[in-house]
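Report on one structure; see the data block that follows.
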Amino acid sequence: MTAENSATPDYQRDIRAVADALLAHTGPIVVLSHENPDGDALGSVLGLTRALRTLGKTVLAPMTVPRYLQFLPQPGELSEPLTEWPAHALVAVLDVDNNDPARVAGADLSTFSGPVVNVDHHGTNLRRADAGVVDPSKPAAAMMVADVVDALGTPWNPDIATALMLGLNTDTGNFAFDSVSAETFACAARLRERGARLGWLNDQMRQNPRSYYLLLREVLGTLEFLHGGRVVQTRVDEEMLARAGATWEQVDNYVNMLRNAEGAQLAVMAKDYGDRVKFSLRSRGPVSAQNVAVALGGGGHVPAAGATFVGSYPAARAALDAAIEAELAQVDAVEPTA
């Protein structure tokens, strides 16, 4: 797998193609995103779903929402995972490559033979859909969905704007990442003008249960500084979760905290499931989390990526170490360390 991280040259044309496909379809539309949905996945799905329903479309949005995001969906907006496809459906896949059905959650995309549209901002996307827009220069898929909503001609309301603001806010680290551009702030301003409840979103997102902090204590007990402090790494397993009374979803935000360690260029959070290990990676400066993830069979963005290794933790750790060493050697060959 390779990554293409440049902006698409035909962005507006591709946005129009996605909107036209959605408008022309007369059957049900199934809106999907990736496994373990984050704020961008949920915000994108809710934003598009609410917009399409405003236009009178029949929409199904199967998604299992993690606890920390359950404040946003309204009753009945989302459904349980599909066991069969509705007749004459179109599928809209957001914030994940539709060519990676193992990562698409909510339904088994490998069994679907109908039309598919795709809106994504990951450089590892293969760009194969009936209609699609893929632009890694956009810091959040929700920013792209906002452009689709404009192209649909949907009347805006605060519920649509707030959902998309969640995606924009979370995938930019509260507008703190270097991926934020003047265009990002312009999109945020448009969403605020349309009623997005930014302060309410931030207040909801900052509330954590007691188990979050008890698990954090467990996780910090595994903390390692490697490669002269350039890499900071932690691990979590089922026993740690049990002691803290926590769940896997509560682990996801820890890697962003690790990234703040002074001198660290790569932060690694390892979820050890026993038979497989899922790595969450965050990087800064010249180090690419994307390169490390791709070497492990995963993908994502340059500063934020992930991969799943099938096997024991020792085997996964060896593969991770090799990928990190290769990335650091490549960086040092271009920018020798002092």
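In this chain, residues are counted from 1 in sequence order.
Inter-residue side-chain proximity for Leu22 and Val148 is flagged as met; some heavy-atom pair is nearer than 4.5 Å. Under the 4.5 Å side-chain criterion, counting only non-hydrogen atoms from C-beta, Cys187 is in contact with Leu168. Counting only heavy atoms from C-beta outward, the side chains of Met63 and Ser33 approach each other to under 4.5 Å. Using a 4.5 Å cut-off on side-chain heavy atoms (C-beta onward), Phe279 and Val268 make contact. Side-chain contact between Phe177 and Asp171 is absent, with no heavy-atom pair separated by less than 4.5 Å. Within the 4.5 Å cutoff, no side-chain heavy atoms of Phe309 are placed close to those of Leu320. Side-chain contact between Glu218 and Leu214 is absent, with no heavy atoms from C-beta onward closer than 4.5 Å. Residues Val45 and Asp95 form no side-chain contact, since every pair of their non-hydrogen atoms from C-beta on lies 4.5 Å or further apart.
Identified under the side chain to side chain donor-acceptor pair (under 3.5 Å) test for residues 173-186, with sequence neighbours left out: Asn169-Asn174, Asn174-Asn202, Ser181-Thr184.
One N or O on the side chain of His25 and one on the backbone of His88 form a donor-acceptor pair closer than 3.5 Å. Asp14 places no side-chain N or O within donor-acceptor distance of the main-chain N or O of Val134, the cut-off being under 3.5 Å. Checked by atom type and distance alone, the side chain of Asp130 pairs as donor or acceptor with a backbone atom of Val116 at under 3.5 Å. Here the side chain of Asp120 pairs no donor or acceptor atom with the backbone of Ala141 at under 3.5 angstrom. A donor-acceptor pair under 3.5 Å is absent between the side-chain atoms of Glu35 and the main chain of Arg103, judged by distance alone. Panel note: side chain Arg217, backbone Ala244; no donor-acceptor pair is recorded below 3.5 Å.
For the pair Arg235 and Glu224, the salt-bridge criterion is not met [side-chain N within less than 4.0 Å of a carboxylate O].
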| task | Step by step, work out the side-chain contact (heavy atoms from CB on, under 4.5 Å) result for Leu191 and Leu198. | result | CA-CA 9 Å; Leu191 294 176; Leu198 180 60; over 6 Å; no
| query | Are Met240 and Thr222 close enough, and set up right, to give a side-chain contact (heavy atoms from CB on, under 4.5 Å), and what steps lead you there? | reply | CA-CA 11 Å; Met240 296 163 65; Thr222 72; 3.9 Å; yes
| Checking side-chain contact (heavy atoms from CB on, under 4.5 Å) for the pair Asn208/Gln250: CA distance, chi angles, key distance, verdict? | CA-CA 9 Å; Asn208 298 304; Gln250 291 173 288; over 6 Å; no
| query | For Asp150 and Arg194, what are the C-alpha separation, side-chain angles and deciding distance, and is it a salt bridge (Lys or Arg N to Asp or Glu O under 4.0 Å)? | reply | CA-CA 12 Å; Asp150 277 336; Arg194 292 158 177 169; 3.4 Å; yes
| task | Using the side-chain contact (heavy atoms from CB on, under 4.5 Å) rule, take Val251 and Leu241 through it: C-alpha gap first, then chi angles, then the decisive distance, then the call. | result | CA-CA 9 Å; Val251 180; Leu241 292 175; 4.3 Å; yes
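In the displayed structure, Gln207 atom CD is contacted under 6.0 Å by more than 12 heavy atoms of other residues, nucleotides or ligands. Within a 6.0 Å sphere centred on CZ of Arg67, other residues, nucleotides and ligands contribute 12 heavy atoms or fewer.
When all heavy atoms of Gln74 and Asp159 are compared, the pair lying nearest together is NE2-OD2, 3.4 Å. Across all non-hydrogen atoms, the minimal contact from Leu166 to Gly43 is CD2-N, 4.2 Å. Heavy atoms only, all atoms of each residue included: Arg276 and Val310 are closest at CB-CA, 4.1 Å. Counting all heavy atoms, side chain and backbone alike, Thr162 lies closest to Ala196 at OG1-CA, 3.4 Å. For the residue pair Lys57 and Leu23, the shortest heavy atom distance occurs at NZ-O, 2.8 Å. Residues Gln70 and Val65 share a closest heavy-atom pair of NE2-O, 3.1 Å.
Not counting sequence neighbours, the partners of Phe185 by the ring-ring contact (aromatic ring centres under 6.0 Å, His included) test are Phe175. Contacts of Phe112 classified as ring-ring contact (aromatic ring centres under 6.0 Å, His included), with partners at least two apart in sequence or in another chain: Trp85.
With rounding to the nearest 0.5 Å, the separation of CG in Leu220 from CG in Leu215 is 9.5 Å. Atom OH of Tyr212 is separated from atom CD of Glu249 by 12.0 Å, given to the nearest 0.5 angstrom. Going from atom CD of Gln204 over to atom CG of Leu201 covers 8.0 Å, rounded to the nearest 0.5 Å. Asp332 contributes atom CG, which lies 9.5 Å from atom CD of Glu327 (distance to the nearest 0.5 angstrom). Remark: Arg197 CZ to Arg192 CZ distance equals 10.5 Å, nearest 0.5 Å. The OG atom of Ser283 lies 12.0 Å from the CZ atom of Arg230; values are rounded to the nearest 0.5 Å.
Hydrophobic clustering, with ILVMFWY side chains joined whenever heavy atoms are under 4.5 angstrom apart, groups Leu226 together with Tyr313. Linking ILVMFWY side-chain heavy atoms closer than 4.5 Å, directly or via other members, places Leu78 and Leu82 in two distinct hydrophobic clusters. Residue Val96 is not grouped with residue Val133 when hydrophobic side chains (ILVMFWY) are merged at heavy-atom distances under 4.5 angstrom, including chains of intermediate members. Cluster membership check: Val59 does not share its hydrophobic cluster with Val91, using side-chain heavy-atom separations under 4.5 Å among Ile, Leu, Val, Met, Phe, Trp and Tyr. Side-chain heavy atoms closer than 4.5 Å link hydrophobic residues (I, L, V, M, F, W, Y) into clusters, and following such links, even through other members, never connects Tyr68 to Leu216.
Partner of Lys271 under the side-chain hydrogen bond (donor to acceptor under 3.5 Å, both in side chains) criterion, chosen from Asp237, Asn36, Asp252: Asp252.
Checking Asn99 against Asp97 by side-chain atom types alone, a donor-acceptor pair falls below 3.5 Å. Side-chain N/O atoms of Asp147 and Tyr11 include a donor and acceptor closer than 3.5 Å.
Between His122 and His301, the ring planes are parallel. Angles under 30° get that label, and only those over 60° would be called perpendicular.
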